[in-house]
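The basis for the numbers below is simple: all heavy atoms, side chains too, and nothing from hydrogens, waters or symmetry mates. Sequence lines set the chain letters: A, B, ... in the order given, protein chains first and strands last, and positions in each chain run from 1. Quick caveat: nothing in here was measured; it's all calculated off a predicted structure.
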Protein chains: 2
Amino acid sequence: MTTTPPTATRPTARLTPRREAVAQCLATAGDFRSAQELHGDLANAGTKVGLATVYRALADLVEVGRVDALTRPDGETVYRACSGSHHHHLVCTECGTTVEVADDRVEQWASEMARQHGFDVVQHQVEVFGRCANCR
Amino acid sequence: MTTTPPTATRPTARLTPRREAVAQCLATAGDFRSAQELHGDLANAGTKVGLATVYRALADLVEVGRVDALTRPDGETVYRACSGSHHHHLVCTECGTTVEVADDRVEQWASEMARQHGFDVVQHQVEVFGRCANCR
DNA sequence: CTTTGTGCAAAGGCTTTGCATGCTT
DNA sequence: AAGCATGCAAAGCCTTTGCACAAAG
């Protein structure tokens, strides 16, 4: 599974400088970043943290709901600060171009489907793959 | 990227007995199976094929459009025979329960978004994660 | 005879875990 | 002093690749 949330009360994960650094770096980036990219970003910014710590920080941030995570088709997990407006992506399978799209209808659809089946929506992952205008 | 489709004409990938076995095994299963699960299924069915062959067969089947592939949140890629009706999933992040949902609206939405941006839709991936009735 | 498929084992990439150390409380 | 956070390195998992051999055209 992606999250670990079962046993009720969340012990209020500690907010350490490293975790803040990770969260802020992600917020600054604005879009999706992989753990390794973030690790690099932090290093470039002069903040030296271990890769494992980045992974652990991200796991915690996801758990407390400050960060969203999704898995790309190549299997890498990417993270994004929760703040920004929610949107999805159109990805060109040839050149890799990515276009962000936002449309409430999908969000509504997801909630509705979940409600219908007694689910409590936590997250949804919607990515559309195809060929962009230039590659057709 | 997930697919390799660029250079126009597809050389008609060869249809060998192993590939047929993989395709059929997947069709029989009906739902999503990972490469490793399929490898196991085939072994159980008495069809001995190497794991690498299963991966290669699946890659080809995806390329020629006989199989759909999607990546789960844990990073594993799962495959499904293209035939069956297209649907998406509601996945419980706690117990793993999966519910299939079908609704044209998402399909329409995906096509529309793509068209609006000049994309040619090839595939889309829509999964909703949450907690099911039993786990709430 | 040339081309493509197959197996096996090794290599790769991303992520998690074990263990000792350093802070925080 | 007790408990969690960190780093580093090792281990894990899924997937891909290299290479030699067999099969198909």
[X] side chain: which of [options] is closest?
X       : options               : value
A/Ala52 : D/dA9, D/dT15, C/dG7  : D/dA9
A/Thr16 : C/dT15, D/dA5, D/dT15 : D/dA5
B/Gln36 : C/dT6, D/dT17, D/dT15 : D/dT15

Presence of [X] side-chain N/O under 4.0 Å of [N] phosphate oxygens OP1/OP2:
X       : N      : answer
B/Thr53 : C/dG5  : no
A/Tyr55 : C/dT15 : yes
A/Arg19 : D/dA5  : yes
A/Arg56 : D/dG7  : no

Search all heavy atoms of [X] against all heavy atoms of [Y] and return the closest pair with its distance.
X       : Y        : value
B/His39 : B/Leu51  : NE2-N, 3.5 Å
A/Leu90 : B/Ala114 : CD2-CA, 4.0 Å
A/Val67 : A/Ala81  : CG2-CA, 4.4 Å

Query raised in the report: Yes or no on salt bridge (Lys or Arg N to Asp or Glu O under 4.0 Å) for A/Glu112 and A/Arg105, after CA distance, side-chain angles and deciding distance?
Result: CA-CA 10 Å; A/Glu112 190 182 316; A/Arg105 283 176 294 169; over 6 Å; no
Return the value, rounded to whole Å, for the distance between atom [atom1] of [X] and atom [atom2] of [N].
X       : N      : atom1 : atom2 : answer
A/Leu70 : C/dC14 : CG    : P     : 16 Å
A/Leu42 : D/dG7  : CG    : P     : 10 Å
B/Leu51 : D/dT17 : CG    : P     : 14 Å
B/Arg33 : D/dT15 : CZ    : C1'   : 18 Å
A/His39 : D/dA9  : NE2   : C1'   : 13 Å
A/Asp74 : D/dT15 : CG    : P     : 12 Å
A/Arg18 : D/dC4  : CZ    : P     : 18 Å
A/Asp60 : C/dT16 : CG    : P     : 12 Å

**Report entry** 4.5 Å side-chain heavy-atom contact, A/Thr53 and A/Val22
**Finding:**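 A/Thr53 vs A/Val22: side chains apart.
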Query raised in the report: When all nucleic acid strands are considered with a 4.0 Å heavy-atom cut-off, which category describes A/Ser34: base, sugar-phosphate, or nothing?
Result: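 Result for A/Ser34 = nothing.
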